[in-house]
Number of protein chains: 2
Amino acid sequence: MYTETAMLGLDAPLRASERAYRQLRGEIVSGLLAPGTALLEVEQAERIGVSRTPLREAVARLIADGLVVGRRGRGFEVTDISVDSISELYELRQALEVQAIRLAATRRDPAPFLALRDAFVTAPELLDQGDIGVRRYYVLIDELEDALDAAVENPFLVGALRAVRTHLARIRRLARRNPLRLRAAAAEHLLIIDAIIAGDPSLAAHATHIHLHQSLLSVLAAIDEDSASSRSTTAAD
Amino acid sequence: MYTETAMLGLDAPLRASERAYRQLRGEIVSGLLAPGTALLEVEQAERIGVSRTPLREAVARLIADGLVVGRRGRGFEVTDISVDSISELYELRQALEVQAIRLAATRRDPAPFLALRDAFVTAPELLDQGDIGVRRYYVLIDELEDALDAAVENPFLVGALRAVRTHLARIRRLARRNPLRLRAAAAEHLLIIDAIIAGDPSLAAHATHIHLHQSLLSVLAAIDEDSASSRSTTAAD
DNA sequence: ATTGCGGTTTCTGTATACACAAGAGTGATC
DNA sequence: GATCACTCTTGTGTATACAGAAACCGCAAT
């Protein structure tokens, strides 16, 4: 999703409004601008190095993305993420991903998923290689998502999925990753991929349902843990 | 998503950008601005009576809504609606509505749906009353959607649903309504409402699935018919 | 007749200036 | 001492001016 910047490797003179949008968006998703942060037009325009006009356009897009909310009269602020909103996001995510994967399995074009299958088979070994292994694993996830988007061939659905993934990226930063969970997730992904290759929409849908259920449990548990430990050892990190 | 504006029901002096957004949006959804229509900033700003700055903000929001696409260098244009895109929209709609109704049935708060149930029971009689009856039927549909949104209690899901409904409104204008279909649809809605009241998510989901399947078939058939008749009697309407 | 080139024109993208509204701070009055 | 009002500051909403780029038109040359 935020690889979009990397994809246009050309240093084409980006519009100021686009620059502002990407920077703010990146800073919000990466957590650099914490939820609840109040943002003033002049202040941000100055910081980013654009004038207020393109900045306002950028903010309008961020509001549409749901990353920012306008405040009555006085600037705008970064939307915050409550535990409730995580569950809610997963309710939407489940609807979208189950449908996407069901469609991908129905389309019956296994080719793009065969290579991914091999990669996910060896994922456990990858996850033994520490931090860089984990990073490469996430690249794999990105590739799976891209293959899925391509297979679905539905701009509406893919657009909605992309919006969800943006919010998901914010949530991921809230909780440290659990290595055991990553292994289990890899296995779940493998099952989903196999179902797509086999052209079994029902199996793929159910597998996705379960995968997301486990994923949500894991995220909520990780957040609980984090908030508990940060309560006891406040300055730990 | 764009409920922020609806919430201030007061006739407070609307911002120019908001006025421009609503007017353009209304004109696009109502078909007054046909798909493919090219729009120029200065031209539109003049027509609506705002300056270019708020107009650009309005257009940015319309682009985010998917109602408008920017063109390389030369203004923007109203997105068009292909038959393919209708099926695609329904793939998304199905995912969202099935999930929404499943959740509404799970929440188990039948109160708001009891009155709606009565209304839908008498819907067939309503549909005998000609045009104003049909109009009142559509008001009923709106109320059902509102009750559903409230029951779902999920901003993400409701937001996505609202976006879909916007596009749906455009599609509806493409095909004349079939009275027989409306009667059948009313019965389908009744079944869904009953399932929600009974707190049976699975039944509600399946009923919705079928309802949307029939709805899509009807829309596609109506469009086929229209385009066929307009081919033979070109200037008929 | 067609194609290439240059001038012109129009339109976008951006900056900035101005007006108005909301809040905070201060002073005066009760 | 507290409260209210006024002003001053700050920030948004809008208009407009300016610059750069892209399309259009005409002209000419092959």
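- In terms of position on DNA chain C, the residue among B/T53 and B/E41 whose nearest nucleotide sits closer to the 5' end is B/E41.
- One can place CG of A/L55 at 13 Å from C1' of C/dA15, the figure rounded to the nearest angstrom.
- Distance, A/L39 CG to D/dG11 C1': 14 Å, rounded to whole Å.
- Comparing C/dT12, C/dT16, D/dA15 against the side chain of B/R56 picks out C/dT12 as the nearest.
- Between the side chains of B/Y138 and B/R135, not a single donor N or O lies within less than 3.5 Å of an accepting N or O.
- Side-chain contact between A/L96 and A/L157: present, with at least one pair of heavy atoms (C-beta onward) separated by less than 4.5 Å.
- Ionic pairing of B/R61 and B/E57 is not present here: no N-O contact between side-chain nitrogen and carboxylate oxygen is shorter than 4.0 angstrom.
- Atom pair A/R15:CZ and C/dT12:C1' shows a separation of 10 Å (rounding to whole Å applied).
- The OH atom of A/Y21 sits 19 Å away from the C1' atom of C/dG13 (whole-angstrom rounding).
- As rounded to whole Å, 15 Å separates atom P of D/dT14 from atom CD of A/E57.
- For A/E43, the CD atom counts as densely surrounded, since its 6.0 Å shell holds more than 12 non-hydrogen atoms of other residues, nucleotides or ligands.
- In the interface, the side chain of B/R52 is paired with the base of C/dG13 through a donor and an acceptor atom under 3.5 Å apart.
- Considering only the side chain of B/L40, C/dC11 comes nearest among C/dT14, C/dC11, D/dG11.
- Of the candidate nucleotides C/dT14, C/dT12, D/dT14, C/dT12 has the atom nearest to the side chain of B/V42.
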